[in-house]
Amino acid sequence: MNKRITGLVVVILCIGLLSGSQAIASQALDELVEAARKEGGFDVMMPSVGEKGSRDIIAAFNKRFGLNIRVRGDLAGQESQKFNQAVTETKAGVPPTFDLMQGEASNVLNLKDAGGAEQIANWRSLMAEIAPEAHKMADKISPSVLGGYGFLWSTRTVALLYNPKVISEKELPSTWKEMGDPKYKGVFSVPPWISVALMGALAYDRAEWLEIVKSWGRNKRQVLTYSAGVERMLLGDIKFLYGNAGYFFEHKAKDPNAPIAINFFEDLTTMRQVLYVTRKGARNPNGAKLFAIWSSGAEFSDIVQKYSPDVENLVLGRGATTQRILGTFKGENINPVSWFDGPKELEKFLWFETKEGKEYARAIARAQREGK
């Protein structure tokens, strides 16, 4: 009997503690909402969902938190340039252009290291209130060194995109290394950025990988953004390129007969996290914080999918494109890798913040661009 009474007391105490923590979380959320209301609005980089999609996202955000504030959404893209600008603003002590920015983990980390990102206090408890489905995988949504700073809303998986009218699947390079074979000279493009190229360090020795990237630089036809490269590939001017898998789904949705197909390298398939980050010194930080955490959840994801179904989110697992990619991975036994898969991967990611790592990154950029 005494044991039963003791057990009952423990259960009651646990329920009381849980209720207390939920009350504290609810109070923190209420305070954040009221602070956002007083600010009256904020500036944010938006996903590529068009004007109507942007309006629907803003309306859903206001409705979710009982607000009627002005959210100024920027749809212009240019992620890398804007993060470079944000780092410059931080170093110069200039007020941030955006209260909230979205970008790949490497850009968010660079901004954080420059002192330009703000960590959201009590972010886990706030996420449990705002986006409980994201809270179940909180360490993947706001991973490791970016915990509380960045909040994942989508992913970008790298694929080999090709024009099946000018090259067959069996003629494609099967590995990143094979892309440097002289027989592929002049038939593909490479991008002007190196976020994907750096991820070769996850599968290769750094010295060997540098030589592989040099071989691409010698073989490439042009340096083109992914979107420009895909357009050239559709015209048959180039045969293939590596780029975000989403481009395949985007063009097939527009035209099922579009001459674009998708394949994955045998040696390495990478996934990059795309996150929202609140700027340090933001003029309107509270609305930005609410939006950042809300963006990690199902409601935001479903609206984005409605207007941009090619956007993937392999972490949350929502959307038709996501399910098709995951199905392909399962069928072909592909295991995508990222910088946040474990301690070893994270260590390699953080190495690029060292002096030696930055020099290596510059060497990779030169290798991809010039082939030397």
Side-chain angles (χ1 to χ4, degrees), residues 104-106 137 139-141 143-144 152-164 167-181 184 188-191 193-206 208-209 212-213 215-216 226 229-230 233 239-253 258 260-275 301 305 309-346 348-349:
E104 290 187 13
S106 55
M137 52 187 73
D139 290 330
K140 292 183 177 180
I141 295 293
S144 189
L152 182 147
W153 69 272
S154 70
T155 56
R156 293 170 182 164
T157 302
V158 174
L160 194 61
L161 306 167
Y162 67 100
N163 186 328
I167 188 170
S168 67
E169 181 178 352
K170 67 179 182 179
E171 292 175 307
L172 293 169
S174 60
T175 66
W176 291 91
K177 186 174 184 177
E178 192 180 343
M179 198 161 64
D181 189 306
Y184 295 116
F188 66 88
S189 64
V190 294
W193 48 75
I194 59 170
S195 55
V196 172
L198 293 180
M199 296 186 79
L202 290 170
Y204 285 86
D205 171 80
R206 286 195 288 261
E208 181 185 8
W209 183 249
I212 290 172
V213 178
S215 71
W216 307 346
Y226 289 156
V230 168
M233 183 267 294
K239 295 182 178 181
F240 65 84
L241 71 154
Y242 74 81
N244 297 332
Y247 283 100
F248 167 76
F249 299 100
E250 176 187 352
H251 284 276
K252 282 299 186 183
I260 182 172
I262 189 170
N263 202 10
F264 294 93
F265 287 114
E266 295 176 358
D267 52 345
L268 178 67
T269 295
T270 63
M271 181 195 78
R272 288 109 66 215
Q273 292 84 350
V274 186
L275 313 103
S301 181
Q305 287 292 320
D310 53 290
V311 172
E312 67 181 64
N313 188 334
L314 300 190
V315 174
L316 204 58
R318 300 184 73 87
T321 294
T322 296
Q323 290 303 312
R324 289 181 67 180
I325 292 174
L326 290 174
T328 298
F329 287 171
K330 184 178 181 180
E332 299 183 14
N333 197 29
I334 295 172
N335 295 308
V337 298
S338 83
W339 293 121
F340 299 103
D341 290 343
K344 291 183 179 179
E345 291 82 3
L346 179 61
K348 291 179 179 180
F349 181 51

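Residues take their numbers from the sequence shown, with the count starting at 1. Given the structure is predicted, the values throughout are model-derived calculations rather than measurements.
To the nearest 0.5 Å, atom OG1 of residue T270 and atom CG of residue L198 are 10.5 Å apart. If you take CE on M233 and CG on L241, they are separated by 5.5 Å, rounding to the nearest 0.5 Å. The CG atom of L161 sits 9.5 Å away from atom OH of Y226, with the distance rounded to the nearest 0.5 Å. Here the straight-line distance linking atom CD1 of I334 with atom CG of L326 works out to 11.0 Å at 0.5 Å rounding. Taking CG from L316 and OG from S154, the interatomic distance works out to 11.0 Å, rounded to the nearest 0.5 Å. We find the CD1-CG distance between I260 and N163 to be 8.5 Å, quoted to the nearest 0.5 Å.
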Please lay out, stage by stage, how N244 and R272 fare under the test side-chain contact (heavy atoms from CB on, under 4.5 Å). CA-CA 10 Å; N244 297 332; R272 288 109 66 215; 3.0 Å; yes

Begin with the C-alpha distance, continue with both residues' side-chain angles, and end with the deciding distance and a verdict on side-chain contact (heavy atoms from CB on, under 4.5 Å) for F249 and I325. CA-CA 10 Å; F249 299 100; I325 292 174; 3.7 Å; yes

Report the C-alpha separation of L314 and T322 in whole Å, then their side-chain angles, then the decisive distance to 0.1 Å, and conclude whether the side-chain contact (heavy atoms from CB on, under 4.5 Å) test is met. CA-CA 6 Å; L314 300 190; T322 296; 3.8 Å; yes

Could you walk me through whether F265 and E178 pass the side-chain contact (heavy atoms from CB on, under 4.5 Å) test, one step at a time? CA-CA 10 Å; F265 287 114; E178 192 180 343; over 6 Å; no

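Nearest heavy atom pair, residue L268 against residue A203, reads CD1-CB, 4.0 Å. Residues F264 and T157 come closest through the heavy atom pair CE2-CG2, 4.2 Å. Contact detail for G229 and S189: the closest heavy-atom pair is CA-OG, 4.0 Å. Minimum heavy-atom separation, A105 to F340: CB-CE1, 3.6 Å. Here the shortest heavy-atom pairing between Y242 and L160 reads N-CD1, 4.3 Å. Here the closest heavy-atom approach between residue V315 and residue T155 is recorded as CG2-CG2, 4.1 Å.
Proximity of a side-chain donor or acceptor of W209 to a complementary backbone N or O of L202 within less than 3.5 Å is not detected. A donor-acceptor pair under 3.5 Å is formed between the side chain of E345 and the backbone N or O of G342. In this structure, the side chain of E208 does not engage the main chain of Y204 through any donor-acceptor pair within 3.5 Å.
The shortest side-chain heavy-atom distance between L346 and P143 does not fall under the 4.5 Å cut-off. Looking at heavy atoms from C-beta onward, N335 lies out of side-chain contact with F329 at the 4.5 angstrom threshold. Contact of the W339 side chain with the S144 side chain is not registered, since no non-hydrogen atoms from C-beta on lie closer than 4.5 Å. Using a 4.5 Å heavy-atom threshold, the side chains of L152 and N313 count as touching.
Among residues at least two apart or in separate chains, there is no salt bridge (charged side-chain N to carboxylate O under 4.0 Å, His left out) pair with a member in residues 193-205.
Here E332 pairs with nothing under the salt bridge (charged side-chain N to carboxylate O under 4.0 Å, His left out) rule; sequence neighbours left out. With sequence neighbours excluded, no residue forms a side chain to side chain donor-acceptor pair (under 3.5 Å) with D181. Judged as a salt bridge (charged side-chain N to carboxylate O under 4.0 Å, His left out), and not counting sequence neighbours, K239 has no contacts. Considering only residues two or more places apart in sequence or on other chains, Y247 meets the ring-ring contact (aromatic ring centres under 6.0 Å, His included) condition with none of them. Applying the side chain to side chain donor-acceptor pair (under 3.5 Å) test to R156 and every residue at least two apart in sequence or in another chain returns E79, E104.
Heavy atoms from other residues, nucleotides or ligands lying under 6.0 Å from NZ of K140 number 12 at most.
If you run ring pair (Phe, Tyr, Trp, His ring centres under 6.0 Å) between W176 and each of Y184, W216, F188, only W216 comes through.
Residues E312 and T321 bring no donor and acceptor atom of their side chains to less than 3.5 Å of each other.
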